[in-house]
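The block underneath contains the structure these notes are about, expressed in structure tokens.
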Amino acid sequence: MANVYCYATNLPLTSADAFQDSYIEYATLHIPEAAIEEYKTTAPWSSIKNIVSIENEFLVTISSEGFATSCPNVDVDFTTVSGMKAYIGSMFNRQTGVLTMTRAYDVPAGTGLMLKGEPGTYSIPTCESFTVVSNLLKGVTEATNINATEDGYVNYVLNNGSQGVGFYKVGTAGASLEAGRAYLQIPAETASSRSALKLRFDDEDEATGISASLTNSEERIVNSAVYDLQGRRVEQPQRGLYIRNGKKVVVK
């Protein structure tokens with residue numbers, strides 16, 4: 001479905017058959033809020049089934065690599081968006097170096113997100129309510145220089161580096177991040193020595209990008225150990241959500 005943008009508050013003059021044979025009725029027209037009713041009641045614009053307000057959306061762009069980070073400046077809802085998905089960083093396993101990405105739908109402004117999907121620009125609708133979640137991604141609202149460490153955290157940025165697309169540890173010189181992007185923070189006491197982290201999207205139940213290499217002894221440790229959501233090993237887990245063998249488990 002095509003997206004058509006028209007920023008004219010005053011309805012553009014055009015003939016009634018201007019969109020003939022163009023299948024415009026299947027497009028989404030994005031226009032200023034104040035002009036919606038006039039567009040909806042005037043031909044040929046009224047033939048477009050979906051007419052929405054530009055003020056009630058947030059635009060994001062995914063590069064040719066199929067990934068991006070984002071930090072929306074409004075509350076947004078990804079529920080009805082097709083062709084791409086939004087994720088938060090929900091868990092980090094320091095033994096495997098795997099960062100688990102959890103699907104996000106309605107999120108508040110200022111949330112750090114990772115986007116995955118077909119390259120292109122997407123219109124994300126705004127929302128009036130959202131779900132507050134624990135998130136390892138931190139968004140920035142203005143151009144920022146990210147240091148290697150910050151307040152007890154080790155910082156990583158999304159990059160297409162020597163090991164593919166993934167989160168790479170910030171070097172001593174720091175890293176520049178554009179406004180509206182996000183970076184990853186791992187607590188220093190749980191961050192591994194790995195320079196890049198493998199990604200696992202829990203809605204797809206598979207790991208992609210950077211490969212993690214384990215010895216047989218490390219594999220046995222991972223299979224038997226239990227960790228909290230920050231990647232810290234827990235010897236006697238109480239009730240709650242934990243990580244075992246790279247997956248979430250609930251202790252009741």
Side-chain angles (χ1 to χ4, degrees), residues 1 3 5 28 30 50 52-93 98-144 146 155-160 164-168 175 177-186 196-210 229-230 241 243 246-248:
M1 182 174 66
N3 288 287
Y5 289 84
T28 295
H30 305 258
N50 193 23
V52 299
S53 168
I54 291 175
E55 287 87 349
N56 293 330
E57 62 183 1
F58 175 71
L59 298 180
V60 297
T61 299
I62 295 182
S63 70
S64 58
E65 297 164 349
F67 294 92
T69 61
S70 181
C71 175
N73 58 1
V74 291
D75 304 337
V76 291
D77 186 359
F78 290 86
T79 304
T80 60
V81 179
S82 61
M84 60 87 72
K85 299 176 183 178
Y87 296 87
I88 60 166
S90 58
M91 296 182 292
F92 171 66
N93 189 319
V98 173
L99 172 67
T100 297
M101 309 301 296
T102 296
R103 185 88 179 268
Y105 294 95
D106 53 327
V107 296
T111 300
L113 299 171
M114 181 176 183
L115 310 177
K116 178 175 180 283
E118 295 296 322
T121 298
Y122 296 81
S123 172
I124 314 302
T126 60
C127 62
E128 295 181 355
S129 62
F130 50 81
T131 303
V132 178
V133 294
S134 177
N135 187 10
L136 297 174
L137 289 172
K138 184 175 181 179
V140 299
T141 57
E142 59 184 26
T144 306
I146 308 301
N155 295 328
Y156 296 76
V157 292
L158 185 66
N159 195 12
N160 187 7
V165 175
F167 282 97
Y168 287 75
L177 208 62
E178 298 176 353
R181 299 296 183 181
Y183 62 103
L184 175 71
Q185 288 195 316
I186 300 296
L197 304 182
K198 185 178 182 182
L199 303 177
R200 174 181 174 271
F201 298 92
D202 64 359
D203 64 321
E204 299 175 0
D205 199 29
E206 63 179 22
T208 61
I210 300 162
L229 299 187
Q230 284 71 48
L241 187 62
I243 308 169
K247 296 183 178 181
K248 289 180 284 189

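Source: prediction; values computed, not measured. Scope of the values below: all heavy atoms of this structure, side chains included, with no hydrogens, waters or symmetry mates.
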Is there a side-chain contact between Ile88 and Leu113, using heavy atoms and a 4.5 Å cut-off? yes
Shortest non-hydrogen contact between Cys71 and Gly139, atoms and distance: SG-CA, 3.5 Å
So, Thr121 and Thr61: side-chain donor and acceptor under 3.5 Å apart, yes or no? yes
Thr100 and Phe92, any side-chain heavy atoms less than 4.5 Å apart: no
Reported CD1-to-CE distance for the pair Ile62 and Met114, which is rounded to 0.5 angstrom: 9.5 Å
Do you know which two heavy atoms are closest between Pro72 and Pro108, and how far apart they sit? CG-O, 4.4 Å
Salt bridge (Lys or Arg N to Asp or Glu O under 4.0 Å) partners for Glu65, two or more places apart: none
Look only at the side chain of Asp75 and the backbone of Ala109, and say whether a donor-acceptor pair between them is shorter than 3.5 Å. yes
Taking every non-hydrogen atom, the tightest pair across Leu99 and Gly89: CD1-CA, 4.4 Å
Heavy atoms only: give me the nearest Gly112-Ala182 pair and the separation to one decimal. CA-CB, 3.6 Å
Got a sec, which residues hit side-chain hydrogen bond (donor to acceptor under 3.5 Å, both in side chains) with Thr141, two or more places apart in sequence or on another chain? none
Restricting to ring-ring contact (aromatic ring centres under 6.0 Å, His included), what partner residues turn up for Tyr87, sequence neighbours left out? Phe201
Donor-acceptor pair, side chain of Arg181 and main chain of Ser70, under 3.5 angstrom: no
Taking atom CZ of Arg103 and atom NZ of Lys116, what is their separation to the nearest 0.5 Å? 10.0 Å
Answer with yes or no whether the side chains of Asp202 and Thr102 bring together a donor and an acceptor at under 3.5 Å. yes
Measuring only between side-chain heavy atoms, which start at C-beta, is Thr111 closer than 4.5 Å to Asn135? yes
Measuring only between side-chain heavy atoms, which start at C-beta, is Phe167 closer than 4.5 Å to Val157? no
Heavy-atom side-chain proximity of Leu197 to Leu184 below 4.5 angstrom: yes
Locate the shortest heavy-atom distance separating Phe67 from Ser63; write the atom from each residue and the value. O-OG, 3.4 Å
Determine all donor-acceptor pairs shorter than 3.5 Å in which one atom belongs to a side chain in residues 76-85; sequence neighbours excluded.
unit_1	atom_1	unit_2	atom_2	d
Asp77	OD1	Thr79	N	3.0
Asp77	OD1	Thr79	OG1	2.5
Lys85	NZ	Asp203	OD2	3.0

Report the distance from atom CZ of Arg200 to atom OG of Ser90, rounding to the nearest 0.5 Å. 8.5 Å
Is the shortest side-chain heavy-atom distance between Leu59 and Tyr122 below 4.5 Å? no
Given 3.5 Å as the limit, does a donor-acceptor pair link the side chain of Thr144 with the main chain of Leu177, or not? no
Between atom CG of Asn73 and atom OG1 of Thr126, what is the distance when rounded to the nearest 0.5 Å? 10.5 Å
Those residues at least two apart in sequence (or on a different chain) that pass side chain to side chain contact (heavy atoms under 4.5 Å, CB included) with Asn155 are Ile146, Glu150, Tyr153, Val170, Tyr183, Gln185
Hey, does Val140 have a side-chain heavy atom less than 4.5 Å from the side chain of Lys138? no
